[in-house]
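Shown next, in structure tokens, is the structure this report addresses.
Predicted model, so just to flag it, every value in this text is computed and none were measured. Letters A, B, ... are given to chains in the order of the sequence lines, protein chains preceding strands, and every chain is numbered from 1.
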There are 2 protein chains.
Amino acid sequence: MSALTGERRRDAERTRLELLDVATDEFAERGYSGARVDEIAARTRTTKRMIYYYFGGKEQLYLAVLERAYAEIRAAERTVDVDHLEPAAALRRLAEVTFDHHEAHPAFIKLVGVENAQHAKHMNHVARLVDLNSSAVALLDDVLKRGRRDGTFRDGVDALDVHMLISSFCFFRVANRHTFGALFDRDLLDPERREHYRTMLGDLVTGYLQI
Amino acid sequence: MSALTGERRRDAERTRLELLDVATDEFAERGYSGARVDEIAARTRTTKRMIYYYFGGKEQLYLAVLERAYAEIRAAERTVDVDHLEPAAALRRLAEVTFDHHEAHPAFIKLVGVENAQHAKHMNHVARLVDLNSSAVALLDDVLKRGRRDGTFRDGVDALDVHMLISSFCFFRVANRHTFGALFDRDLLDPERREHYRTMLGDLVTGYLQI
DNA sequence: GGGCTAATGAACTAACTGGTACGTTAGTTA
DNA sequence: TAACTAACGTACCAGTTAGTTCATTAGCCC
């Protein structure tokens, strides 16, 4: 009964959060159908019953996981301030933020893969995500416009294409590190090569805008 | 009994191949744990029993699928001849071949995703794959060396990094088209934008080598 | 054409899995 | 302090799933 003994108390919010945390890891690691409701429950201090109590079922739990993961990564992106930087430096900075994010949140990357494997059918139920993401591209678009105005960047480059370029590089490095490592014996996440890839991405993106 | 009626005859090789074809599609579409042995069998002209007869089990069937998929894509790559092209054109050509391949073989892309979701643990059992893949990079390395010699390309760019860059762009476009489409309302595989992305990749890669 | 074996099919099973019925308890409120 | 409800736990169920058993057949070899 005492808090000192670490025994259970009623705490709805903590129970919910603990389920979300463990479920994020399970879904990211094993995919939607591979994740086991029993396993998720076993890894928390609560029981399977609570998944149905708080979320309704496996699918709704997955949806909650997905929504929170996207919300977190976009919230962090919004905190970046690039207005005080020259266009080229700002562009590089934005690329680096994505680079750092992908590396720091492998579970998010895996969830993106899981969701694509299901043709993004769950994502359509989370309308909020669209707003979150388009704001990230709007930021990028501003930087490109600024660069065009001062002659740093060439015309005719679409912000969404640049976003795709940045994402693809960062995503691949994290998502496919296992097959890439197995086939070419190179660990894309080796800390010693981290700066090299970060610089490479920046060069690539600014280079593309200045051709 | 007659071949004209389309009735069943004994044909070990055809049975094996049919299982492989259907299994490729099932594993690509639903992932390893999501794929159902019964479903694979139901979609062929044979029965589940044959999966165990020819392959041993679900896992060995998956392994056979993976090995064949990689063998096919690398075999096609080896047929490309770039010796008669200038380094920049050769590099662009190699990028385009990968681009075309990824687009034409979405099942392969999905299998790569499935295998990464499992930390490439099956891939280690298919030693043959390493040889196949390193030959693709060797080809790229030759082109880069040639370009350096004639002053077209700058020094200090690693062939494997270029391969990664090309792969990441092509992979992302196919693998993440669903979430990307849902979030930004842009179909990365829209035929009307195909040439744009193909050119973009070529510009990107040759641009990176000439900075 | 009779024996032999690779190839095949139907039915079964043991274990698993998402979901639920139903009873219990902690903490709040009057 | 008694009533009340949100929060929780146990035990179970019905459907599913990978894998197996065992009998059967097609086609080849002599």
| query | Which residues satisfy the ring pair (Phe, Tyr, Trp, His ring centres under 6.0 Å) test with Tyr70(B), sequence neighbours excluded? | reply | Phe108(B)
| field | Thr46(A) vs dA7(D): side-chain N/O to OP1/OP2 distance below 4.0 Å | value | no
| request: Please state how far atom OH in Tyr62(A) lies from atom P in dG18(C), giving the value in whole angstrom units. | output: 15 Å
| request: For Arg16(A) and dC8(D), give me the distance from atom CZ to atom P, rounded to whole Å. | output: 12 Å
| query | Roughly, in whole Å, what's the span from OH in Tyr54(A) to C1' in dG9(D)? | reply | 13 Å
| What closest approach, in Å, do Leu144(A) and Val157(A) show between heavy atoms, and which atom pair accounts for it? | CD1-O, 3.9 Å
| field | Under the salt bridge (charged side-chain N to carboxylate O under 4.0 Å, His left out) test, residues paired with Lys48(A) that sit two or more places apart | value | Asp38(A)
| message | Distance check needed: dG18(C) C1' versus Glu59(A) CD, whole Å only. | response | 12 Å
| query | Can you check the Phe55(A) CZ to dA7(D) P distance for me, whole Å? | reply | 13 Å
| Who are the salt bridge (charged side-chain N to carboxylate O under 4.0 Å, His left out) partners of Arg36(B), not counting sequence neighbours? | none
| Any residue meeting salt bridge (charged side-chain N to carboxylate O under 4.0 Å, His left out) with Arg146(B), in chain and number order, not counting sequence neighbours | none
| Distance in angstrom units between Met50(A) CE and dG18(C) P, rounded | 17 Å
| said: Using whole Å, what does the distance between atom P of nucleotide dT24(C) and atom OH of Tyr53(A) come to? | reply: 18 Å
| task | Report the distance from atom CD of Glu13(A) to atom P of dC8(D), rounded to the nearest whole Å. | result | 11 Å
| request: Please name all residues satisfying salt bridge (charged side-chain N to carboxylate O under 4.0 Å, His left out) with Arg177(A), sequence neighbours left out, ordered by chain then number. | output: none
| field | Base-contact (B) and sugar-phosphate-only (S) positions in nucleotides 10-18 of chain D, heavy-atom cut-off under 4.0 Å, - elsewhere | value | B------SB
